[in-house]
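A short write-up of the structure that comes next.
As the structure lists them, so they are numbered: ligands from 1, and atoms in each ligand from 1.
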Amino acid sequence: MSGTPDLTLWGAGTSRTVRAHWAMHELGLSYTIKPIGPRTGETKTAEYTKLNPRQKVPLLQDGDFCIGESAAIVAYLSRMYSTPERSLIPEAPREYAAWLEWCFFIVAELDSTSLYVMRRHRADALGHIYGVAPEVVAQAAEYFRGQLRHVEVALADRRQFLMGERFSSADILLTTCLDWAIAYGVGICDNAHPYLERIHQREAYRSANAANAPAAPVTPAPART
Ligand SMILES: N[C@@H](CCC(=O)N[C@@H](CS)C(=O)NCC(=O)O)C(=O)O
């Protein structure tokens, strides 16, 4: 590839947007941040809707190429910008398949079917839009804990990272779900605690979380009297 990539990342302040920031930081990429947030109206402007008809964040622009879905963005960045020193995707076919399995599992089972269901139906989250449903929230938390058995078993051999001894983008996805679960008061499995402590030490985790800070709300200028 020639030249410096022209990367712009739309979105900040959520568990999904931090994934894309984190991949950028792991790969040492420079990028422009457009820190728009959900439910601020910023995802619904004509300019943004043209880029992303789903009106969701995150969204990545790489030159004239646009890609949404946090896990797809992370996979794209990993594929395009990994180097022998900094690689976020395994190459060997079976390791690649196992990586894909982790990514789909985390997005489908831990995020969409569990944590996001909780987010939609908690009174302190999106319950005012999708309906407050304590029983649904409790069941989703229980389901999350059940699915975490897969993680507990994998980490039982004291491996450093989900795929073994090398950090991969599956660790980005898993960590954001574990952090999210902790924030919601859902217990995480035993082996995930030392794992998470290790990951939290990573420089890129910290700098990405700082980059993911939501933009300060725009306060209207005081009316002139
Ligand atoms: N599956 C998508 C979910 C993206 C998503 O739902 N984003 C929310 C914020 S976390 C959003 O942009 N909502 C738009 C809005 O409500 O304005 C992903 O992982 O990127």
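For ligand 1, the 4.0 Å heavy-atom shell takes in Thr14, Arg16, Pro38, Arg39, Thr43, Lys44, Gln55, Lys56, Val57, Pro58, Glu69, Ser70, ordered by chain and residue number.
Ring geometry for Trp10 against Tyr48 counts as tilted: the plane angle lies between 30° and 60°, on a 0 to 90° scale. Between Phe65 and Tyr76, the ring planes are tilted. Angles from 30° to 60° get that label. Ring orientation note: the planes of Phe161 and Phe167 are nearly perpendicular, at an angle over 60° on the 30°/60° scale.
Heavy atoms from other residues, nucleotides or ligands lying under 6.0 Å from CD of Gln201 number more than 12.
In this view, Tyr31 and His21, His25 satisfy the ring-ring contact (aromatic ring centres under 6.0 Å, His included) rule, not counting sequence neighbours.
Thr43 and Gly37 get closest at one heavy-atom pair: CG2-O, 3.9 Å.
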